[in-house]
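A, B, ... follow the sequence lines: proteins, then strands. Residue 1 opens every chain.
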There are 2 protein chains.
Amino acid sequence: MARITMQQIAALAGLSLATVSRTIHSPHLVKPGTLEQVRRLMAKEGYVYNATAGDFSRRRSSVIGVIIPTTRGAIFANSTQGIQEKAQEKGFSLIIGSTGYDAEAELKLLLQFQERRLAGIILTGYGIGRENVIKELVKSGIPCVVVWEVLKNSGLSFVGFSNFQAAFSMTDYLASLNHRRIGLILGPYSRIGRARRRLEGYRSALQKNGLPFAPELVIETMPTLKDGKESMARLLSMSDRPTAVFAGSDMLAFGAMSAARERGLRVPDDISVAGFDDIDFAAYCNPPLTTVRVPAREMGERAVSILVEMIEGKSRKDRRVELPTEIVIRESCRERKERSRVKT
Amino acid sequence: MARITMQQIAALAGLSLATVSRTIHSPHLVKPGTLEQVRRLMAKEGYVYNATAGDFSRRRSSVIGVIIPTTRGAIFANSTQGIQEKAQEKGFSLIIGSTGYDAEAELKLLLQFQERRLAGIILTGYGIGRENVIKELVKSGIPCVVVWEVLKNSGLSFVGFSNFQAAFSMTDYLASLNHRRIGLILGPYSRIGRARRRLEGYRSALQKNGLPFAPELVIETMPTLKDGKESMARLLSMSDRPTAVFAGSDMLAFGAMSAARERGLRVPDDISVAGFDDIDFAAYCNPPLTTVRVPAREMGERAVSILVEMIEGKSRKDRRVELPTEIVIRESCRERKERSRVKT
DNA sequence: TTGTACGCGTTATCAG
DNA sequence: CTGATAACGCGTACAA
């Protein structure tokens, strides 16, 4: 129960506390014989280092906080995985909090992180309306890096990709397939910056292709299978329904494809569906999903690397890295047929 | 940078440290006026409670450690989600580590958790060969609960389900569909107890139905889409290939279905595929997957509840809860046709 | 190579 | 209701 302390080990060994401490952190400063003796004793007594006391004494922690919208939904799992591994490699633990896309939850988490004096924080996206909190956080000395977004005019470090460009490309691709009414099912762009930027990319591509923007064709929803399905159902029940639907996440796309099937529509013969994320499953589903590949894992890894540099003071200024995305063409989209109105 | 401390707040307020502390933890013991004054001051000075120091002083932490095999793979995400929410509700933070199904990684994580003197630990499964470590852990005073498994003769608390029974039922169902050669694609049962129990359930159901156990029909692999696909390909290339395949996880099942499709086989017309987990996606894929529903989220929630009881000393003895599973019949399995040998 | 001694920011125990 | 003060377990100058 009551664990043995360094102090006690020292006493047992007839050494000072400092020597025992050095045994752990700077063994090269200890005479090999002593080292051996102390180690043996620690093993024998079942000594376990107290990281809390250590962190406290050193006045810095070795845990990194991570904020993600949701632990479900595969795609964040990928960046989280990247974060995990890199952090482990660098000797940091992770404390993870999910917000459920809720601003208040995020604020609460952020406070918790401050209370724990975490070494650094990785934010998924840059909450609209939370600029102040985050700036204050940084000013308070906790290094921060944002993933999944590129930030303009903000002193923050980030490693992201252009949500605008990615959405633009996919929409443009759909237009190149001769689709003129392109639906858009998107996450909560009112609150989430990266979703908003995807909307902008979509609109921009429409414009470039001389296509009108039809507000009724864009649906804002939560990025779940269920919502994707329901949104698609709405789109399909329109009198002049879209011939292609661009979903703001693969989850939404899968839900959408499911809705199409239920309605007796074939993808891509009767309607094209494109996704965003390229989660593993996109390549294995039926039909395989055309989607935007996002460097999720890499973002996670690089975010940790940068964060650790900041933590260790090797880097003072903010790092800004923008990774490329890529359209992965599989089988869920195809050229629009003239007169493709199918029985509904 | 250097945050203000309780001490300083006390000085500023002309009060004692103790009173300020009480302001936070037992406001009812403080005169309303004083309370108000202190709170105002804390807000003004941007005081942020130091949870590390608090935990250290109190000699217990308010962080729960969670060990999962992988952050990818959807299904653990569900139990993790349950854990998250419940923990948050109870005022605990989470530190999450993933092992990648690797025993050494798990041990390392466990050590880290001990070093941080975490309040409690939730293990996913009960690593074969790690009995000692875990028992020592418990003896050292860290409450532990295992999820995803039911444990026999072990002093540990758990909240799980019968992997044996679940696999038995599904196999039995497949047999009732007149399948006589039932393939099994399973996670690493050599190392993972719950996978091993699924294998046992499968064998037992075979026996009950008078079916021979054919070792070549069971494939041990990692539970990923890719491995599911490859395993299925192997199964399908056999001269006397199975007419139904039971996958030990939905991921494997999706991979398997993909392999079947690539070979020109239709599911379920040409071959039946069943999964295990019932992740969200199972209901939305094509065809919708027949699978075993596992109470993932509930396991997570209940595990936290039990753990917190243990932490707070309300419960001394181990709690053992077994949740039910259920077969969800969708469209990926059907009765075997006589003479169903299709062109391969 | 080793030891001494102080500090880290709270909590908790006693008095008042 | 409030105050003093001793822990808590370790890191780290500074000395020896």
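Ring centers of A:F158 and A:W148: at least 6.0 Å apart, outside the cut-off.
A:F56 and B:F56 have tilted rings, their planes meeting at an angle from 30° to 60° on a 0 to 90° scale.
Boundaries of the chain B contact region on DNA chain D are D:dC1 to D:dG9, first to last in 5' to 3' order (nucleotide atom under 4.0 Å from a heavy atom).
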* To do: With side-chain contact (heavy atoms from CB on, under 4.5 Å) as the test, would you mind laying out the steps for A:E322 and A:V159 before giving the verdict?
  => CA-CA 6 Å; A:E322 177 171 345; A:V159 19; over 6 Å; no
* Could you walk me through whether B:T70 and B:I68 pass the side-chain contact (heavy atoms from CB on, under 4.5 Å) check? -> CA-CA 6 Å; B:T70 167; B:I68 50 179; over 6 Å; no
* Test side-chain contact (heavy atoms from CB on, under 4.5 Å) on A:V145 and A:L156 and set out the steps. => CA-CA 7 Å; A:V145 9; A:L156 257 45; over 6 Å; no
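Scanning residues 27-38 of chain B for heavy-atom distances under 4.0 Å to DNA chain C yields an empty list. Scanning residues 10-21 of chain A for heavy-atom distances under 4.0 Å to DNA chain C yields A:G14, A:L15, A:S16, A:A18, A:T19. Looking at residues 44-64 of chain A, you'll see A:F56, A:S57, A:R59 sit with a heavy atom under 4.0 Å from some atom of DNA chain C.
Atoms CD (B:Q7) and P (C:dC8) sit 10 Å apart, rounded to a whole Å. Atom C1' of nucleotide C:dT10 and atom CD1 of B:I24 are separated by 9 Å, given to the nearest angstrom. Distance, B:I4 CD1 to C:dG9 C1': 13 Å, rounded to whole Å. The nearest whole Å value for the distance from the CE atom in A:M6 to the C1' atom in C:dT4 is 14 Å. Atoms CD (B:Q8) and C1' (C:dT10) sit 14 Å apart, rounded to a whole Å.
The number of heavy atoms from other shown groups lying within 6.0 Å of CZ (A:R320) is above 12.
The end-to-end axis angle of the helix from C:dT1-D:dA16 to C:dG16-D:dC1, rounded to 10 degrees and based on five pairs per end, is 30°.
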Give every donor-acceptor pair under 3.5 Å between a side-chain atom in residues 92-104 of chain B and any protein atom, sequence neighbours left out.
unit_1: B:S93; atom_1: OG; unit_2: A:Q112; atom_2: OE1; d: 2.7
unit_1: B:S93; atom_1: OG; unit_2: A:R116; atom_2: NE; d: 3.4
unit_1: B:T99; atom_1: OG1; unit_2: B:Y101; atom_2: N; d: 3.0
unit_1: B:D102; atom_1: OD2; unit_2: B:A105; atom_2: N; d: 3.0

